[in-house]
Amino acid sequence: MPELAEVEFFRRQWDCGLGKQIVAVQLHVRKRIFRGSDPRVMARRLTGQRFLRSHARGKQMFLEFSGGNWIGIHLGMSGRMRTEAAGFRAEKHDHVVLQQARRALVFSDARLFGRVRFHHGKTEPAWWRTGGPEIGSEQFDRKFLDSFLDRHARAPIKAVVLLQAGFSGIGNWMADEILWRAKIAPSIPAGRLFSAQRAGLFRETRFVARESLRIISPNFDDPPRNWLIHQKWKRAGICPRHGSPLRKEIIGGRTTAWCARCQK
DNA sequence: GCTATTGTTTCTGG
DNA sequence: ACCAGAAACAATAG
């Protein structure tokens, strides 16, 4: 589920706990979402600390607690965040429960592709300083995009738009949406895009990222009816522009839907 | 049963 | 050293 806008939506689900103390921590300690960190240390350190702030960058989330304690969350394929009433008892897939006086902050993940990392220290952990530039930022400009495309010149553009080092926060549905809007066929090698196509790719990447954040992250509202996302999962999806049947194929290792009539 | 799944990491071959 | 592609990870929904 989670790409840029959904990640931001889930991050906000814990905002009602900001500034409040964590009175108890319950973790499913043996689950692989904790790979690379020690969940027992995490539980011990966080207990009694206050939840100070959180940020999202692409699909990564970063939560800061008092006492120099930090959590990084990646939602993977099926990660979710929500709140429950104080004293909530974790169910099967609720791997992290941070109990506060008035509520419980819950992270759940059925498929376990997600990841929860813990860091204790005065400064931000190295893993928070990695990753590509945010799509709305000045660093994500035509020059950056051009060099990224040239670096991956032989890969199909669909695969390149999924690379987080260049297209931070873009996932499968946003990639198809962007290529459809830019009228670029997903299997074209990135290095073969003309200048005008690159300009379109840049423009539509920024548009889809900005609009998805604006529309989806506050309340998980649906994008407009004329977006490709409403068609791409259907068995017989059609191009929102002119109703041609969409084609589907595995490109870049992922199911890809596109309109052969308008994407060249 | 079978298929599919909005994501990364790791390995292999070039 | 870098890149591209496939497999692996795991659980559920239809």
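Below, chain A is the first sequence line, B the second, and so on; all start at residue 1. Values below: every heavy atom of this structure, side chains too, minus hydrogens, waters and symmetry copies. Quick caveat, the model's predicted, so the values are computed rather than measured.
- C/dA4 atom P lies 17 Å from atom CZ of A/R254, rounded to whole Å.
- The distance from atom CZ of A/R192 to atom P of C/dA4 is 14 Å, rounded to the nearest whole Å.
- One finds a side-chain N or O of A/Q164 lying less than 4.0 angstrom from the OP1 or OP2 phosphate oxygen of B/dT8.
- In this structure, the ring of A/F140 has its center less than 6.0 angstrom from the ring center of A/F202.
- Counting to the nearest Å, the C1' atom of B/dG7 and the CZ atom of A/R80 are 14 Å from each other.
- Only the P atoms considered, B/dT8 is 22 Å distant from C/dA13, to the nearest whole Å.
- Within the nucleic acid shown, A/A153 comes within 4.0 Å of sugar-phosphate atoms alone, with no base atom in reach, counting heavy atoms only.
- Rounded to a whole Å, the CG atom of A/D150 is 11 Å from the P atom of C/dA4.
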Requested in this report: Quick one: the dot-bracket string of DNA chain C, using Watson-Crick and G-U wobble pairs with both distances under 3.5 Å, [ ] for crossing pairs and | for bases paired to another strand.
Outcome: .||||||||.||||

Report summary line: Contact string for nucleotides 5-14 of chain C, one letter per nucleotide 5' to 3', B = base within protein heavy-atom range under 4.0 Å, S = sugar-phosphate only, - = neither, reads S---BBBS--

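- In this structure, the CZ atom of A/R151 is 8 Å from the P atom of C/dC2, given to the nearest Å.
- Side-chain contact between A/E6 and A/F220 is present, with at least one heavy-atom pair separated by less than 4.5 Å.
- Looking at A/S66 and A/Q49, their side chains do bring a donor and an acceptor atom within 3.5 Å of each other.
- Looking only at atom types and distance, the side chain of A/W128 has no donor-acceptor partner in the side chain of A/E64 under 3.5 Å away.
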Report task. Let me see the working for A/D94 and A/R82 under salt bridge (Lys or Arg N to Asp or Glu O under 4.0 Å), right down to the final yes or no. Result -> CA-CA 10 Å; A/D94 302 326; A/R82 69 184 197 278; 3.1 Å; yes

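- Judged by closest nucleotide on DNA chain B, A/T255 is the one of A/T255 and A/R35 placed further toward the 5' end.
- Pairing each heavy atom of A/Q100 with each of A/Q21, the nearest pair is CG-O, 3.1 Å.
- For A/H74, counting side-chain heavy atoms from C-beta on, the closest listed nucleotide (B/dT9, B/dT8, B/dT5) is B/dT8.
- Between A/W70 and A/F62, the two ring planes are parallel [angle under 30°; tilted spans 30° to 60°].
- Rounded to whole Å, the distance from CG on A/L162 to P on B/dT5 is 13 Å.
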Requested in this report: Would you check, one step at a time, whether the test salt bridge (Lys or Arg N to Asp or Glu O under 4.0 Å) holds for A/D150 with A/R198?
Outcome: CA-CA 11 Å; A/D150 291 337; A/R198 293 172 180 230; 3.1 Å; yes

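- Between A/P156 and A/I251 the shortest heavy-atom distance is CB-CG2, 3.9 Å.
- If you measure from atom CG of A/L149 to atom P of C/dC3, you get 13 Å, rounded to the nearest angstrom.
- Distance noted for atom C1' between C/dC9 and B/dG1: 23 Å (whole Å).
- Straight-line distance from the CG atom of A/L163 to the C1' atom of C/dC3: 10 Å, rounded to whole Å.
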